[in-house]
Amino acid sequence: MKIKFFVLPLVIVFSVSFLGLAYGEQKKSYDDLLAIYQAREKAYMARKELEHNLLSISEKKEPLELWLSLQDERLSDMQRAANGLLLIEKVFPEGDPTRWSDVKGFFMPKMVPRSLVALDGVFYTVIALLNLDKEPCSWFACFLMEELKNSKGAASLAMRNAPAEYEKITAKISERTGYAPVGGWPGGKIVGELPFAHPVRGYITPERAMFKDMVFLNASGVKTSSQGPYAWDRKRGKIYNVILLEEEELLPFWIKIQR
């Protein structure tokens with residue numbers, strides 16, 4: 001994962017951090033804000049070593065197998081964080097969640113959208129890090145969520161229209177670190193629950209998909225504002241092939257179409 005460091009005069013860095021922390025936290029004293037800022041800087045310096053240690057114990061699997069492992073309840077939080085971090089490394093360009101918009105395509109042969117697997121990678125890793133309940137891990141979780149937030153598309157799809165787990169994640173980050181990004185964590189409506197990604201299975205008409213308020217995905221498995229070849233039912237956790245009514249007769253009789 002590419003770690004970004006910015007060398008700025010201390011007064012400028014603190015001013016920016018102060019403004020971010022002060023949003024919605026106006027009752028905090030200057031000393032409290034300074035302590036949070038110092039803890040954040042310390043965590044930035046420790047991030048690379050923590051990342052290295054986690055990656056060293058990750059299971060060296062392919063992305064699809066790593067994604068499935070994150071949903072295995074038998075996995076320890078430490079192993080889930082390690083596997084999730086490796087998945088982030090493999091799916092995002094340069095392991096950078098801010099580049100979510102560059103993640104396209106499907107994992108074969110299960111036809112699982114890479115863009116949604118990438119979101120799962122961040123969310124499951126963050127949950128595991130927060131469950132470890134250690135300061136460096138909590139800050140690492142904060143950094144990952146903040147980086148995902150800095151992708152406009154990801155913020156809209158995964159935070160302004162968030163799974164049920166999102167509110168607990170942001171609440172824990174605020175509780176453990178005292179930190180909130182400039183403008184606060186994006187808020188909106190809760191739609192479904194983790195995981196984001198699912199294999200493409202079954203068929204549905206575009207009319208039915210629109211009636212059920214599904215999200216259309218394009219041929220690259222990315223959300224599109226118009227109709228696409230795939231429809232994602234976030235509430236039920238399913239992704240369908242979209243088929244036109246006139247194409248129905250081309251399917252075998254045993255194929256069921258959602259109406």
Side-chain angles (χ1 to χ4, degrees), residues 63-64 66-68 70-71 84 87-88 90-127 144-167 169-170 181 183 185-244 247 257-259:
L64 194 57
L66 288 169
W67 172 68
L68 290 170
L70 299 183
Q71 302 166 59
L87 179 61
I88 291 171
K90 287 177 174 287
V91 178
F92 288 96
E94 298 184 315
D96 185 356
T98 65
R99 297 184 59 183
W100 178 81
S101 61
D102 296 327
V103 182
K104 297 177 175 64
F106 293 84
F107 286 115
M108 306 298 286
K110 291 183 176 292
M111 282 288 289
V112 183
R114 295 173 65 97
S115 67
L116 302 186
V117 168
L119 295 177
D120 281 329
V122 173
F123 270 68
Y124 278 111
T125 302
V126 164
I127 290 171
L144 289 173
M145 286 299 288
E146 193 170 23
E147 287 162 2
L148 192 65
K149 168 187 174 292
N150 288 336
S151 166
K152 184 178 179 181
S156 174
L157 188 64
M159 296 179 176
R160 298 197 182 282
N161 296 275
E165 294 84 352
Y166 174 68
E167 291 181 343
I169 288 172
T170 54
W185 294 106
K189 63 180 180 180
I190 300 299
V191 187
E193 58 187 17
L194 293 177
F196 288 96
H198 303 275
V200 177
R201 291 174 179 164
Y203 296 84
I204 194 168
T205 62
E207 294 79 11
R208 188 61 176 171
M210 287 187 288
F211 177 75
K212 289 194 171 187
D213 198 27
M214 294 185 187
V215 177
F216 285 102
L217 307 177
N218 63 20
S220 297
V222 177
K223 179 186 175 183
T224 177
S225 56
S226 58
Q227 288 187 18
Y230 308 103
W232 176 24
D233 187 344
R234 293 193 62 170
K235 294 179 181 178
R236 294 174 177 80
K238 296 181 179 181
I239 302 177
Y240 299 98
N241 293 282
V242 175
I243 187 169
L244 301 176
E247 297 174 330
I257 299 177
Q258 297 293 318
R259 299 187 183 282

Worksheet entry | Pair Tyr166-Arg160, side chain to side chain contact (heavy atoms under 4.5 Å, CB included): steps then yes or no | CA-CA 10 Å; Tyr166 174 68; Arg160 298 197 182 282; over 6 Å; no
Practice prompt. Give a yes or no answer on whether the side chain of Asn241 reaches the backbone of Gly202 with a donor-acceptor pair at less than 3.5 Å.
Written response: yes
Worksheet item: Out of curiosity, Met145 CE to Ile127 CD1, how far, rounded to the nearest 0.5 Å?
Response: 8.5 Å
Discussion item. I'd like to check Met214 versus Lys238 (side-chain heavy atoms, cut-off strictly below 4.5 Å). Are they in contact?
Written reply: no
Discussion item. For the backbone of Pro195 and the side chain of Gln71, can you confirm whether one donor and one acceptor N or O come within less than 3.5 Å of each other?
Written reply: no
Side-chain donor-acceptor pairs under 3.5 Å in residues 104-123, sequence neighbours left out?
residue: Lys104; atom: NZ; partner: Ser101; partner atom: O; Å: 2.7
residue: Arg114; atom: NE; partner: Lys104; partner atom: O; Å: 3.3
residue: Ser115; atom: OG; partner: Gly221; partner atom: O; Å: 2.9
residue: Asp120; atom: OD1; partner: Phe196; partner atom: N; Å: 2.7
residue: Asp120; atom: OD2; partner: Trp67; partner atom: NE1; Å: 2.9
residue: Asp120; atom: OD2; partner: Phe196; partner atom: N; Å: 3.3
residue: Asp120; atom: OD2; partner: Ala197; partner atom: N; Å: 3.0

Discussion item. Using modelled atom types and a 3.5 Å cut-off, is there a donor and acceptor pairing between side-chain atoms of Asp96 and backbone atoms of Phe92?
Written reply: no
Response to the item:
When every non-hydrogen atom of Gly95 is compared with those of Pro97, the smallest separation belongs to O-CD, 3.3 Å
Discussion item. Determine whether Tyr124 and Leu87 satisfy the following criterion, side chain to side chain contact (heavy atoms under 4.5 Å, CB included), listing intermediate values before the conclusion.
Written reply: CA-CA 10 Å; Tyr124 278 111; Leu87 179 61; over 6 Å; no
Discussion item. On a heavy-atom basis, which atom in Pro229 and which in Ala219 lie closest, and how many Å separate them?
Written reply: CG-N, 3.7 Å
Discussion item. So, taking the atom named OH in Tyr240 and the one named NZ in Lys212, what distance separates them when rounded to the nearest 0.5 Å?
Written reply: 6.0 Å
Item to complete: Look up atom CD1 in Ile88 and atom CG in Leu144, then write down how far apart they are to the nearest 0.5 Å.
Response: 5.0 Å
Worksheet item: How about Gln227: does its CD atom have over 12 heavy atoms from other parts shown lying under 6.0 Å from it?
Response: yes
Worksheet item: Which pairs count as salt bridge (Lys or Arg N to Asp or Glu O under 4.0 Å) when at least one residue sits in residues 217-236, sequence neighbours excluded?
Response: Asp233-Arg236
Worksheet item: How far apart are the closest heavy atoms of Val242 and Pro206, and which atoms are they?
Response: CG1-CD, 3.7 Å
Worksheet entry | Considering all heavy atoms, the nearest Ile239-His198 contact | CD1-O, 3.3 Å
Fill in: Separation between CZ of Phe216 and CE of Met210, rounded to the nearest 0.5 Å
5.5 Å
Worksheet item: Taking it one step at a time, do Val126 and Leu148 satisfy side chain to side chain contact (heavy atoms under 4.5 Å, CB included)?
Response: CA-CA 11 Å; Val126 164; Leu148 192 65; over 6 Å; no
Fill in: Non-hydrogen atoms of Glu167 and Thr170 that approach each other most closely
O-OG1, 3.1 Å
Worksheet item: Sequence neighbours excluded, which residues qualify as side-chain hydrogen bond (donor to acceptor under 3.5 Å, both in side chains) partners of Asp102?
Response: Arg99
